[in-house]
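Contents: one structure, followed by commentary.
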Amino acid sequence: MTPFEKYGKLHVAGKNLTDASGNTVVLKGISTHNLNEYPQYVNKEAFKQFRDEYGVSIMRLAMYSAFADNHEGYSDSNDEHRAELEELILKGASICRELGIYCMIDWHILFDYDPNMHTDMAIGFFKNICPKLKDFDNVFYEICNEPNMNLKTGEKTTWDEIKNYASKVIPVIKEIDDSKVIIVGTTIWSQGVDEAADAPLDFDNIMYTLHFYADTHRDALRDKFIYARGKNLPIFVTEFGVGDAEGDGVINVEESKKWLDLLNGEKVSHIIWNLSNKAETSSIIKAGCSKINGFTDEDLSPCGLMMKDIVSK
Ligand code: IDC
């Protein structure tokens, strides 16, 4: 039985992600790296292996909205590249649907610091893809990966500013398709779940993002998580790393375990960063491996081997 056959379409009830009968569902999966840079990993054989061998129930398609690492993003690109990216997203969502796994479509803001910077582009993107994915009951929309800085003030993007963005984008999605769960990023690279818990959005079927990198973010961020859960905030960890916040550094097994125990205890879904062979700690494929599917344990990095353990539990 595939994850989708088991759980069907999911929705938010109270602080949990639940199936139609009200049972809490925990999804576990892998995020792609930047789709502008690593599109080749979006292929059926790879995702099928992740489902069958590793127990993955969700894949996240990280589409960088702005320029990064010598690659143009959706917003600063031309129409042709934008169309290619949309095709790739549709391909990824279709593969996931065929395989009966869930799919997170991620408007991956990062170096476009404040989601309000590209609101029109985000709206254009969702207006293009939402009609095409209307019948895809396995899809989630993540509307802003990690708000971080306000360019005008040089200060962090505030929760009010994120709410302002969300209040423009969410109605656009809901008008086309009111049935999908929508995930909203929070302040400070999606660490501000405490602020979201104090002043949640006024829409239904919404979850909030918490991201952590275990070697960098420890008790202080776990405390925010615990506070937010205490206030019944539905949280989805759409991205986390077992190393440091640069996606590199050393793997911290002990801190990762503390995080995963906490998430699993709270029945919070989580997705590990990242599906690529880049020479950095957080990549699950070894740098020397150019395969795009059919991975053996030999092809996996230490993070990749840890990923297998994390998703299978
Ligand atoms: C990192 C990648 C790295 C890339 C960098 C900039 O791992 O290869 O050079 O982005 O594009 C995040 C972001 C995620 C980051 C990751 C690690 O969502 O895009 O990926 N991270 O730094 N937030 C916290 C950490």
Side-chain angles (χ1 to χ4, degrees), residues 29-42 58-77 85 104-115 117-118 122 140-149 156-157 162 183-193 208-218 220-222 224-225 235-252 255-256 259 263 269-289 300-304 306-307:
I30 305 171
S31 176
T32 68
H33 197 295
N34 181 1
L35 286 184
N36 297 293
E37 195 173 351
Y38 295 99
Q40 66 272 30
Y41 292 104
V42 180
I58 184 164
M59 290 299 299
R60 177 183 191 233
L61 305 175
M63 191 191 68
Y64 276 48
S65 48
F67 190 89
D69 310 304
N70 290 319
H71 291 264
E72 283 168 337
Y74 186 94
S75 307
D76 42 35
S77 192
L85 280 170
M104 178 73 64
I105 294 176
D106 163 33
W107 178 258
H108 197 90
I109 68 156
L110 189 63
F111 299 126
D112 39 354
Y113 321 97
D114 174 345
M117 199 163 151
H118 289 136
F140 294 82
Y141 293 126
E142 182 176 4
I143 62 170
C144 50
N145 168 50
E146 293 184 352
N148 50 89
M149 194 171 64
K156 70 167 197 177
T157 312
I162 298 168
I183 325 278
V184 182
T186 57
T187 54
I188 328 177
W189 291 276
S190 285
Q191 296 170 38
V193 284
Y208 300 84
T209 316
L210 175 91
H211 287 175
F212 68 86
Y213 281 74
D215 194 41
T216 308
H217 311 115
R218 304 182 183 196
L221 186 54
R222 281 191 287 268
K224 285 188 185 182
F225 171 86
I235 294 179
F236 201 127
V237 175
T238 58
E239 184 187 302
F240 73 93
V242 293
D244 72 16
E246 301 305 314
D248 215 3
V250 293
I251 290 181
N252 193 322
E255 290 295 323
S256 299
W259 270 113
L263 300 185
S269 299
H270 48 82
I271 301 179
I272 193 167
W273 184 258
N274 75 74
L275 172 55
S276 81
N277 66 348
K278 187 165 176 174
E280 60 178 4
T281 307
S282 60
S283 303
I284 63 167
I285 314 295
K286 274 185 189 159
C289 172
L300 299 181
S301 67
C303 173
M306 209 163 150
M307 169 278 296

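Numbers here simply count residues along the sequence, with the first being 1. Numbering of ligands and ligand atoms starts at 1, following listing order. None of the values given here were measured: they were computed from a predicted structure.
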List the closest protein heavy-atom neighbour of [atom]: residue, atom name, distance to the nearest 0.1 Å.
| atom | value |
| --- | --- |
| atom 13 (C) of ligand 1 | Glu239 OE2, 3.2 Å |
| atom 2 (C) of ligand 1 | His33 NE2, 3.4 Å |
| atom 10 (O) of ligand 1 | Tyr64 OH, 3.2 Å |
| atom 22 (O) of ligand 1 | Ala245 O, 2.8 Å |

Could you work out, for atom 9 (O) of ligand 1, the closest of Asn34, Asp248, Asp69 by heavy-atom distance?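 Ranked by closest heavy atom to atom 9 (O) of ligand 1, first place is Asp69.
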Counting heavy atoms only, which of Trp273, Phe240, Tyr213 comes nearest to atom 25 (C) of ligand 1?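 Among Trp273, Phe240, Tyr213, the closest heavy atom to atom 25 (C) of ligand 1 belongs to Tyr213.
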Would you find a donor on one side and an acceptor on the other, under 3.5 Å apart, between the side chain of [X] and the backbone of [Y]?
| X | Y | answer |
| --- | --- | --- |
| Ser75 | Ser65 | yes |
| Asn36 | His71 | no |
| Asn252 | Ala214 | no |
| Ser301 | Ile284 | yes |

Residue [X] vicinity, atoms of ligand 1 by number, heavy atom under 4.0 Å:
| X | result |
| --- | --- |
| Phe111 | 6 (C), 11 (O) |
| Glu246 | 17 (C), 22 (O) |
| Asn145 | 18 (O) |
| His108 | 13 (C), 14 (C), 18 (O), 19 (O) |
| Glu280 | 2 (C), 3 (C), 7 (O), 8 (O) |
| Lys278 | 3 (C), 4 (C), 8 (O), 9 (O) |

Assert yes or no for the condition that the ring centre distance of Tyr213 to Trp273 is strictly below 6.0 Å.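 No, the ring centres sit 6.0 Å or more apart.
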Indicate, with yes or no, if the rings of Trp259 and Phe240 have centres closer together than 6.0 Å.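 Distance test on ring centres: not under 6.0 Å, no.
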Determine the interplanar angle of the His108 and Tyr64 rings, folded into 0 to 90°, and report it as parallel if under 30°, tilted if 30 to 60°, perpendicular if over 60°.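 Because their plane-to-plane angle is under 30°, the rings of His108 and Tyr64 count as parallel.
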Exercise: identify the closest heavy-atom pair between Thr238 and Arg60: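 That closest heavy-atom pairing would be O-CD, 3.1 Å.
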Closest heavy-atom pair and its distance - His217, Arg222: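 Here His217 and Arg222 meet closest at O-NH1, 4.5 Å.
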What I want to know is whether His211 and ligand 1 share at least one N or O pair that is separated by under 3.5 angstrom.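 His211 vs ligand 1: no N/O contact under 3.5 Å.
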